[in-house]
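Worksheet: one structure, shown below.
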Amino acid sequence: MNESMNLIERIKNKRFAPGKGVDQPIPVRGMRRFMFLLKTHFWKLVTLNLLLIIFSIPIITIPAAICGANRVLVMLVINGNCLLWPEFFQEFKANFFKAMPFGLFAVFTLFDSYYFLSLSISSQNDRIGIFTGALGVLFLVFTILFFSYVFVFLPVLDLKGRQIARNAFILMVTEWKANWIVLSGVAVTALFIIALFPYTILFLLLISVVLMLFIISTAINEPLQRRIIGPFQKHMDENIQNDDIC
């Protein structure tokens with residue numbers, strides 16, 4: 001009896017003991033920060049993945065659900081922690097209608113990509129096949145990059161839709177490092193799921209979608225802070241200082 005009680009006590013003490021890294025500073029940036037957050041908040045990301053899937057079931061809610069998930073992920077990247085349900089649901093409601101036109105546009109460009117790639121495969125003419133194949137890949141790359149920026153900006157920036165699109169296009173054209181990380185993250189995740197399907201169904205349900213969005217949010221947050229939020233905050237601080245002087 002005493003041995004059983006001692007065992008239960010040891011398990012309880014180990015269960016509620018501070019985890020490794022809890023009392024250490026969070027890495028500032030880069031892969032170390034990403035891996036630290038992934039390890040520390042793994043079960044929160046699993047919960048977020050399930051929330052994203054559940055809220056995406058009506059299909060038309062997918063854009064808003066992605067906005068909700070990206071809000072949680074960006075706050076996690078910036079602050080090192082976040083509230084899961086309040087951040088997700090608040091952003092889901094806020095962007096339900098605002099994100100819908102972007103979702104429809106994404107469906108249109110994805111269909112264009114599929115159409116041209118199908119033409120390329122079925123074409124009997126090599127030149128036409130190469131041309132339509134290139135168009136299909138171009139539409140696919142555009143869809144991945146442009147809407148990755150859009151759906152990170154929507155839950156973070158209080159801007160109109162056309163301003164979101166404008167900023168997303170500018171950063172998509174200029175931020176090659178972030179683009180490479182986004183494309184690599186999407187490609188590796190998709191290839192892994194397809195190559196090992198159906199064994200990856202559980203992985204798909206538990207973590208894969210949010211893991212891909214986490215990679216995207218981490219990559220885009222750096223140029224977002226450097227080129228949009230940072231200059232805006234600096235401008236606001238200068239205006240406050242000028243008002244104090246006056």
Side-chain angles (χ1 to χ4, degrees), residues 26-53 55-56 61-96 98-99 102-103 106 144-161 163-172 175 177-186 189 207-234 236:
I26 301 176
V28 177
R29 62 175 66 87
M31 181 59 69
R32 289 184 60 200
R33 182 177 180 86
F34 175 84
M35 295 305 299
F36 179 90
L37 294 175
L38 177 62
K39 179 182 178 181
T40 305
H41 300 281
F42 179 79
W43 292 110
K44 182 177 288 187
L45 297 178
V46 170
T47 305
L48 181 60
N49 199 83
L50 295 173
L51 271 178
L52 176 59
I53 292 173
F55 275 77
S56 298
T61 60
I62 291 176
I66 293 174
C67 286
N70 279 343
R71 174 70 182 186
V72 174
L73 294 171
V74 171
M75 292 299 101
L76 188 61
V77 172
I78 294 173
N79 301 322
N81 203 349
C82 66
L83 297 174
L84 178 57
W85 173 250
E87 294 283 2
F88 177 87
F89 191 60
Q90 179 180 348
E91 211 58 47
F92 176 86
K93 293 189 298 180
N95 283 296
F96 186 85
K98 189 176 180 181
F102 289 109
I144 294 171
L145 290 178
F146 179 73
F147 292 103
S148 291
Y149 283 99
V150 164
F151 286 110
V152 170
F153 289 176
L154 276 170
V156 177
L157 303 176
D158 186 17
L159 298 173
K160 295 181 179 179
Q163 295 171 317
I164 292 287
R166 177 176 175 273
N167 283 300
F169 183 78
I170 291 173
L171 266 66
M172 180 191 71
E175 294 294 333
K177 181 180 178 181
N179 293 348
W180 171 249
I181 297 173
V182 169
L183 290 174
S184 299
V186 173
T189 305
I207 191 67
S208 62
V209 181
V210 160
L211 180 60
M212 183 174 64
L213 293 178
F214 192 27
I215 295 171
I216 292 171
S217 297
T218 303
I220 291 178
N221 178 64
E222 192 279 327
L224 170 65
Q225 297 293 329
R226 173 169 47 84
R227 300 191 58 176
I228 298 177
I229 294 180
F232 175 77
Q233 188 62 50
K234 182 179 179 181
M236 293 297 295

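Of the charged side-chain nitrogens involved, at least one lies within less than 4.0 Å of a carboxylate oxygen, so that Arg227 and Glu175 count as a salt-bridged pair.
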List the steps and the verdict of side-chain contact (heavy atoms from CB on, under 4.5 Å) for Ile229 and Val156. CA-CA 10 Å; Ile229 294 180; Val156 177; 3.9 Å; yes
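Shown here is Phe34, whose CZ atom has more than 12 heavy atoms of other residues, nucleotides or ligands within 6.0 Å. No more than 12 heavy atoms of other residues, nucleotides or ligands lie within 6.0 Å of CZ in Arg32, so this atom counts as exposed by the packing criterion.
Among residues two or more places apart in sequence or in another chain, the side-chain hydrogen bond (donor to acceptor under 3.5 Å, both in side chains) test is passed with Arg33 by none.
A distance of 11.0 Å separates OG1 of Thr218 from CE of Met35, quoted to the nearest 0.5 Å. Phe153 CZ to Leu159 CG: the interatomic distance, rounded to the nearest 0.5 Å, is 9.5 Å. One finds the OG atom of Ser56 at 5.0 Å from the CD1 atom of Ile62 (value rounded to the nearest 0.5 Å). Note that CD1 of Ile228 and CG of Leu157 are 5.5 Å apart. Values are rounded to the nearest 0.5 Å. A distance of 9.0 Å separates SG in Cys67 from CZ in Phe102, rounded to the nearest 0.5 Å. Here the straight-line distance linking atom NZ of Lys98 with atom CG of Leu154 works out to 6.0 Å at 0.5 Å rounding.
In this structure a side-chain-to-backbone donor-acceptor pair under 3.5 Å is missing from Asn49 to Leu45. Judged purely by atom type and a 3.5 angstrom limit, Ser217 has no side-chain atom pairing as donor or acceptor with the backbone of Leu73. For Asn221 (side chain) and Val74 (main-chain N/O), no donor-acceptor pair under 3.5 Å exists by modelled atom type.
Closest approach of Thr61 and Phe96 over heavy atoms only: CG2-CE1, 3.5 Å. Scanning both residues, Ile144 and Leu183, for their nearest heavy atoms gives CG2-CD2, 3.9 Å. Contact detail for Phe151 and Ala99: the closest heavy-atom pair is CE2-CB, 4.1 Å. Closest non-hydrogen pair, Ala69 versus Leu213, comes out as CB-CD1, 4.2 Å. Considering all non-hydrogen atoms of both residues, Phe146 and Ala168 come closest at CE1-CB, 3.9 Å. Across all their heavy atoms, Met172 and Leu145 have their closest contact at CG-CB, 3.7 Å.
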Could you list the donor-acceptor pairs under 3.5 angstrom formed between side-chain atoms of residues 78-95 and any protein atom two or more places apart in sequence or on another chain?
from: Asn81; atom 1: OD1; to: Lys44; atom 2: NZ; distance (Å): 3.0
from: Glu87; atom 1: OE1; to: Arg71; atom 2: NE; distance (Å): 2.9
from: Glu91; atom 1: OE2; to: Asn95; atom 2: ND2; distance (Å): 2.7

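Between Leu211 and Thr189 the shortest side-chain heavy-atom distance does not fall below 4.5 Å. Between Val152 and Ile216, some side-chain heavy-atom pair lies under the 4.5 Å cut-off. Using a 4.5 Å heavy-atom cutoff, the side chains of Leu224 and Tyr149 are not in contact.
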